[in-house]
Structure formats: structure tokens, C-alpha cells
Enquirer: 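The structure follows.
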Number of protein chains: 2
Amino acid sequence: MIASATALLDAGGESAVTLRAVGHASGISHNAPYKHFKSRDALLAAVATTDFVWLADTFRAVRHGASAPASKLTQALKVIVHFSVEHPARYRLLFNDPEIAAVGGDLEVSARSAFAEFLGIVQDCQAAQKLPAVPDIALAGLLFATTHGLIGLAASGRMHPEKGLSSVESSLKMLVSLLQVSGTKLPGS
Amino acid sequence: MIASATALLDAGGESAVTLRAVGHASGISHNAPYKHFKSRDALLAAVATTDFVWLADTFRAVRHGASAPASKLTQALKVIVHFSVEHPARYRLLFNDPEIAAVGGDLEVSARSAFAEFLGIVQDCQAAQKLPAVPDIALAGLLFATTHGLIGLAASGRMHPEKGLSSVESSLKMLVSLLQVSGTKLPGS
DNA sequence: ACCTGAACACCGTTCAAGT
DNA sequence: ACCTGAACACCGTTCAAGT
């Protein structure tokens, strides 16, 4: 049922995920989902939870890989960007949907877990002097937020008129390189 | 009618903006809007256009104010943050709604106009050596995207667990200060 | 416990008809 | 030209009833 909803999201966006379509794709009636989920939003939240768990696992794999810290950060950011490109509706569910986020519960736990793994990668970069020694959580939030913002603006066509998606990665590269410069001269020193 | 839709957005979010409610609030029938707008999305796009025009005007006023360039940048970012706090549904319409963005036309023109004013403020900061001398459009996009991303993550409750909205402004302050440090040592030099 | 089918109260949108 | 009222094809959700 979660799988059906996920497939419908990828195929037709959030509006395509009607309980009738989910029921039909799962071979059950259109209101059988109510026996397993409190509402349509709860079903969508379950999809989002699954994706957050996947994100956390992927970040963990990147972090424990063999690359240099700065390269791991780039890889993690690419994971986010690629996910947003390949599964835009699911990405929006994760980071752009207040109604879904309000569900809380497992969803919030899995979201924090994914962020914690990302934070670990940022901390490793700081330890390796590849990022400035500002508070780690704020820095990780800033990097994540910038990636998220670039993705959102690109998706809305509200970014650099002439460029397309590639500008997301090049903008991120610019940010990381600017921050590395900052790392060599700590603010306040 | 645009005013009715705007009020409904502020009061109850996007889902409250039904054509029946708009018609009732405007003293007309529930499908009279179709004589003025091609669809519900077109009406929402008209609301977004109005807000983009307001944003462009506000940015322009900031830019031509008496403050120092760096202060103008801070003011412009605050305008965005405050708008997102006071009118979350309208903010989402501007920057988080692919369906609305796809309408194009006047909406896109007004969006580009707002970005152009913001770009001007960034350029002034670069001229005053308050921001690094990287390509101006990319830098403006980066600053805007970061602000947008921080707002979105804060709205989704997906940011620093312990902090709230104030962390958006403090994170932005951190970014600008880090970029100012970078400005003193250009990358590649 | 889990599922079904009908029903309810909504939607956006269309259309024939009025002025 | 602009508006109305009824109608159509959907929704999410509820509920009595089945197994």
C-alpha cells in the first residue's frame, strides 16, 4: 500500500495519490486504507518516513566510505539533489509539506535521524579543516537549507533564467568553496 | 476577487481558497471567477503576481534607502523572512508551488523583476567589498536560495530541534559573515 | 480483525440559459 | 459581456453491514 502510493507519487504527483487509486493498485477497496492509516495524510507520511530512512542509510554509507571528508559532503549533497530530480513529488513530501510534517511521530524520528547522519559528515569536514569552525548544527542546517533552497527555486523555475538544473550543483560548489576559504580565516579572529 | 483570495489564503491556507468561497466573499456566484480567470490556478497565480510586485517594490525601496550596502542586504533578507512568517500560504504560492509557477506569463515577469531588485542589492554589496567577487547572479541566487531553504526547513519543523524561527535570521547572519570573510580573500587568489 | 458498498459533504469545471 | 443555477465527475471520510 505504501509501495502503491510511492509509485503513484512518482508517476503522477501528489494529486494522483487518491485513496481510490491506492486501493485499486493494491487490489483492495477505496477505503480499506482507513483500517491501516488514520487518513490520507498519514499514508503519505508513511511514504515520507520510508524515504527518510533511505536517506539516513545513504548518508551513513557515504560517511563511512573511503573518500576524503570534503568529497563525502559533496556526495551527500548530490544524493539530495538527485533524489529531488528523480522523485520530485516525494522530495516535496519530505521537505516542503507542512501538513505532512505536522503528522510527527515516526516521520519526525526518521527525519532527525537523516539529519544526524548529514551532521556527522559536516563535523568530519570541520575536523579536517575543510569547513569553518562555527557551531556544527547551524552549519549543517545552513548547508542543507541552501541545497534545499536551490532545489526549490530550480523546480519553480525561479532561478537564473539562462541556466537549468546544473546550476544547483555549481552553486553548491561555489558555496562550499567560499566556506573553505572562510575556514582558513575564522570569523572573529 | 484577488483580494478575497488573498484574505482566504491568509486566513485558512491554500485549501481554504475554493472558488465557492471566493465567489461568496466577492458577492458573486461560485463560478463567476471563470469569466475572469481560466482556472483556480490562474486566480492563485494572479495573487502571487501581486505579491511579487509588492516584493519588487519593497526591494527597490530598500536599495535606494540611506543604509550601508551590507545593511540593505540584511534588510532585504528580513523582508523575505517576515513575509514568510506573516503570510505563509502566500509565501508558499510564490516559491514552493510548481503548479502555480507553471502558469508563467505576468507571474514570471513579476518574479524576475523582484529578483532583479534583489540582485541589485547584492551587486552593491560586491562593489563595496562586502561580498566576494564571484558571479553576481550566482551569488544572489545562493543568498536567496539559502534564505528560502532556511524558511522552508523552519516551516516544516525540520531544522535545529531546539531553536525556532530566530534561527533563520541567525543562520543568515552567519552565512553573510562567512561570505564577508571570503570577500577579503578571493577564491583562486 | 479486516474488508466492502453505499452514502455524505465537499471540490473544480462545464454548460445551457438568462440580462 | 457578464452572471446564474444545475449538473458532472471527481474527492476524503464515515458508517452500517458483511466474513
Side-chain angles (χ1 to χ4, degrees), chain A residues 1-51 88-90 92-94 96-107 156, chain B residues 1-51 88-90 92-94 96-107 156:
Chain A
M1 227 158 86
I2 292 178
S4 299
T6 303
L8 285 166
L9 271 170
D10 281 336
E14 188 189 320
S15 66
V17 187
T18 68
L19 294 184
R20 283 161 172 85
V22 169
H24 184 73
S26 305
I28 53 181
S29 80
H30 76 278
N31 51 9
Y34 282 95
K35 308 304 162 181
H36 304 266
F37 301 98
K38 210 189 74 184
S39 67
R40 176 177 179 269
D41 278 358
L43 170 58
L44 291 176
V47 174
T49 301
T50 303
D51 281 337
R90 283 157 66 187
R92 283 175 52 76
L93 214 58
L94 295 179
N96 262 334
D97 202 318
E99 312 258 316
I100 298 301
V103 171
D106 284 349
L107 175 61
S156 303
Chain B
M1 230 158 86
I2 292 180
S4 299
T6 302
L8 285 165
L9 270 170
D10 281 336
E14 189 190 318
S15 66
V17 187
T18 68
L19 294 184
R20 283 161 173 84
V22 169
H24 184 73
S26 305
I28 53 180
S29 79
H30 74 280
N31 51 9
Y34 281 95
K35 310 303 163 181
H36 303 266
F37 301 98
K38 210 189 73 182
S39 67
R40 177 177 179 269
D41 278 359
L43 171 59
L44 290 175
V47 174
T49 300
T50 302
D51 281 336
R90 283 157 65 186
R92 284 176 51 76
L93 215 57
L94 295 180
N96 263 335
D97 203 318
E99 313 257 317
I100 299 302
V103 171
D106 282 351
L107 176 61
S156 303

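Worth knowing before you read on, the calculation uses all heavy atoms, side chains too, and leaves out hydrogens, waters and symmetry mates. Chain naming here is simple, since letters A, B, ... match the order of the sequence lines and numbering starts at 1 in each.
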Enquirer: Is the shortest side-chain heavy-atom distance between B/Thr6 and B/Thr50 below 4.5 Å?
Expert: no
Enquirer: Working to the nearest 0.5 Å, report the span between CD1 of A/Ile100 and CG of A/Asp41.
Expert: 4.0 Å
Enquirer: Under the criterion side chain to side chain contact (heavy atoms under 4.5 Å, CB included), I'd like the reasoning laid out for B/Phe37 against B/Leu19: C-alpha separation, chi angles, the key distance, then a yes or no.
Expert: CA-CA 11 Å; B/Phe37 301 98; B/Leu19 294 184; over 6 Å; no
Enquirer: Answer whether the closest heavy-atom distance between the side chains of B/Leu9 and B/Val47 falls below 4.5 Å.
Expert: yes
Enquirer: Which range-with-range stems can be found for DNA chain C when each stem has 3 or more Watson-Crick or G-U pairs in a row and both distances sit under 3.5 Å?
Expert: C:4-8 with D:12-16, C:12-16 with D:4-8
Enquirer: Calculate the interatomic distance between B/Ile28 atom CD1 and D/dG5 atom P; express it in whole Å.
Expert: 12 Å
Enquirer: In Å, rounded to the nearest 0.5 Å, how long is the span from OG1 of A/Thr49 to CG of A/Leu93?
Expert: 9.0 Å
Enquirer: Do A/Arg40 and A/Glu14 meet the salt-bridge criterion of a basic N to acidic O distance under 4.0 Å?
Expert: yes
Enquirer: Let me have the donor-acceptor pairs involving side chains of residues 26-34 of chain A, under 3.5 Å, with sequence neighbours excluded, atom names and distances please.
Expert:
from, atom 1, to, atom 2, distance (Å)
A/Ser26, OG, A/Ser4, OG, 2.9
A/Ser26, OG, A/Val22, O, 2.9
A/Ser29, OG, A/Asn31, OD1, 3.0
A/Ser29, OG, A/Ala32, N, 3.4

Enquirer: Can a salt bridge be assigned to the pair B/Asp97 and B/Arg92 using a cut-off of 4.0 Å between side-chain N and carboxylate O?
Expert: no
Enquirer: How does each nucleotide of nucleotides 8-19 of chain C score, in 5' to 3' order, for protein heavy atoms under 4.0 Å: base (B), sugar-phosphate only (S), or none (-)?
Expert: ---BBBBB----
